[in-house]
Amino acid sequence: MADNLFKKKVLVAMSGGVDSSVAALLLKEAGFELTGMTMCLGIRQEEGRASCCGGDAIDDAKRVCDQLGIPHFVFDFAPLMEDLVIGKFISEYVKGRTPNPCVDCNRYLKFGALLQKAIGLGFDYLATGHYARIEQKDDRWRLLRPEDKNKDQTYFLYPIKKDDLPHVLFPLGGMKKDEVRARAIEAGLHVAQKAESQDICFVNEGGYRKYFEERNVSLPAGDIVDRTGKVLGRHSGIINYTIGQRSGLGISAKAPLYVLGFDATGNRVIVGDKEDLFASGLTVGDLNLLTNDLPEEVDAKIRYRKKPARCRIIKESDKLRAIFFEPQESITPGQAFVFYSDDEVLGGGVIENVIHSE
RNA sequence: UGGGGCGUCGUCAAGCGGUAAGACACAGGAUUUUGGUUCCUGCAUUCGGAGGUUCGAAUCCUCCCGCCCCAG
């Protein structure tokens, strides 16, 4: 493997942050023929805000590339970003669902259009600074959770196609975040102390609701009701709410109220107690399977930063039905359902419906 | 305008002479490559108003104001 290393061409996607910069650094040190690239996503950035894309990102990435002595290019992905990620983000919310734009960015951009472009340009690999591992074991390529379980980003990476796994590199998969930052400092990278990126990258101060306002995306106001249909208050349009949401309802009650779901025909938001949030199963669409033989039971996550929960899965044509051993809180259509066997991601998809009994 | 009851934070609500609990809501912060959750912090010098009794009152007395109920 070391023999071929020098001939392998890698395109490293650089956001201008610490992680992707160190990823580039490591690949450079490993002797790959490296090219740095930053996606221009057409995003205007507020001062002092850290993000995975846009803003000063390009300048920062370029400086790191200069320091590493590798070429740097900017690819224009703004139109695709608008159509596939932001457009879907908005249309999903309008439908009363809660999208996960980071998953879609990976699905359509990074490991979709960008990866295809890289391969088309003759690169052997696309590398990113994600915390995840890809390994070939037993003649199969596997997407695995990283060494740093606290930074595990596999939940966002499930859309990578099985056949593309051999073309993707995650140099940080075996490292802890602390080590990455230490490495950046040691190498004198100017981005070493940059803050973690967080929040939706195309949304600035004020959150996504303000973003909708700025883009003139709005839906009519309506009633907030309890499960019996009793009117408790008013909502400002279904796009401003998501299942499990507590704050922003403006209703005082004996105990906090949570959004249980939506009544589309009546344009109503249904709220209830925390215990009403639990459901036993769900159905999944937009499946991406990373293995050919699915086990009957898996450990699955219905949201980022949550411990996987045991469930039974049943494949139904191009969909999946999952029934949890223990009821799960706030299962939300539009969010990702990602399932694992130990550290391996077996696949994932988008939650379509919630199953309340079974 | 005869009788009875009640007025404490945006809402609900403790307090019953000893110097304003709590919950919900709200705001800020922490956590986080989505949204949501969660966690931490803040939030009535003042108890419908005005007098009075008392060392001391939201708590007792008087009057006024505003609600509610039962008879009308």
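The shown structure was predicted, so the numbers you read here are calculated from the model rather than taken from an experiment.
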Please measure how far the C1' atom in B/U62 lies from the corresponding atom in B/C43, and state the result in whole Å.
35 Å
| When all nucleic acid strands are considered with a 4.0 Å heavy-atom cut-off, which category describes A/Thr332: base, sugar-phosphate, or nothing? | base
Check: Which part of the nucleic acid, if any, lies within contact of A/Tyr258, taking any heavy atom under 4.0 Å across all strands shown: a base, the sugar-phosphate backbone alone, or nothing?
Finding: sugar-phosphate
note: A/Arg303, atom CZ; B/G36, atom P; distance rounded to Å ~ 11 Å
All heavy atoms of A/Gly285 vs all of A/Glu352, minimum pair found to be CA-OE2, 3.5 Å
If pairing means Watson-Crick or G-U wobble with both distances under 3.5 Å, then the partner of B/A21 is none
Tabulate below the donor-acceptor pairs under 3.5 Å that side-chain atoms of residues 170-177 of chain A make, not counting sequence neighbours, or state none.
unit_1   : atom_1 : unit_2   : atom_2 : d
A/Lys177 : NZ     : A/Asp19  : OD1    : 3.0
A/Lys177 : NZ     : A/Asp19  : OD2    : 3.1
A/Lys177 : NZ     : A/Glu196 : OE1    : 3.4
A/Lys177 : NZ     : A/Glu196 : OE2    : 2.5

### Task
Measure from NZ or CZ of A/Lys8 to the centre of the six-membered ring of A/Phe32, then state whether that distance is under 6.0 Å and the direction lies within 45° of the axis.
no
*Going by atom types only, do A/Lys210 and A/Asn204 share a side-chain donor-acceptor pair under 3.5 Å?*
no
When rounded to the nearest Å, what value does the distance between C1' atoms of B/U8 and B/G48 take? 10 Å
Side-chain contact check for A/Ser252: nearest option of B/U38, B/A25, B/G35 is B/A25
| task | Could you tell me whether A/Lys306 contacts a base, only the sugar-phosphate backbone, or nothing, with contacts defined as non-hydrogen atoms closer than 4.0 Å? | result | nothing
Any strand, both distances under 3.5 Å, Watson-Crick or G-U wobble: B/U41 pairs with B/A27
Could you check whether A/Leu277 gets within reach of a base, just the sugar-phosphate, or nothing at all, counting any heavy atom under 4.0 Å? nothing
Note to self: What's the gap between B/C65 and B/A27 when it is taken at their P atoms, as a whole Å value?
What the structure shows: 39 Å
side-chain contact (heavy atoms from CB on, under 4.5 Å) test vs A/Pro101 passes for just one of A/Ile90, A/Val203, A/Ile200, A/Ile86, namely A/Ile200
Picking from B/C24, B/U34, B/U37, the nucleotide nearest the side-chain atoms of A/Pro101 would be B/U34
Using atom P of each nucleotide, how far apart are B/U11 and B/G3 to the nearest Å?
31 Å
Query raised in the report: Are more than 12 heavy atoms from other residues, nucleotides or ligands located less than 6.0 Å from atom CD of A/Glu326?
Result: no
Next item on the list: With heavy atoms under 4.0 Å as the rule, sort A/Gln153 into base, sugar-phosphate or nothing.
Entry: base
- What does A/Tyr208 touch in the nucleic acid at a heavy-atom separation under 4.0 angstrom: a base, only the sugar-phosphate, or nothing? sugar-phosphate
Could you check whether A/Arg209 gets within reach of a base, just the sugar-phosphate, or nothing at all, counting any heavy atom under 4.0 Å? sugar-phosphate
Self-check item: P gap between B/G7 and B/A13, integer Å
Solution: 10 Å
Original post:
Can you check whether A/Tyr158 and A/Phe337 have ring centres sitting under 6.0 Å from each other?
Top reply: no
Taking any heavy-atom pair under 4.0 Å as a contact, classify A/Glu329: base, sugar-phosphate, or nothing.
sugar-phosphate
At under 4.0 Å between heavy atoms, what does A/Gly248 touch on the DNA or RNA strands: base, sugar-phosphate, or nothing?
sugar-phosphate
Applying the 3.5 Å cut-off to both distances, the Watson-Crick or G-U partner of B/U54 turns out to be none
Open item on the list: For the C1' atoms, the ones on B/G17 and on B/G29, what distance do you get once it is rounded to whole angstrom?
Closed with: 41 Å
For a quick check of understanding: with a heavy-atom distance under 4.0 Å over all strands, which category does A/Tyr93 fall into, base, sugar-phosphate or nothing?
sugar-phosphate
Among B/G36, B/U38, B/U32, the one nearest any side-chain atom of A/Thr242 is B/G36
Ranking B/U37, B/C24, B/U34 by distance to the side chain of A/Tyr304, first place goes to B/U34
- Item | Sugar-phosphate only, base, or nothing, as touched by A/Ser330 at under 4.0 Å among non-hydrogen atoms | nothing
Atom NZ of A/Lys95 and atom C1' of B/G35 are separated, to the nearest Å, by 16 Å
If pairing means Watson-Crick or G-U wobble with both distances under 3.5 Å, then the partner of B/G66 is B/C6
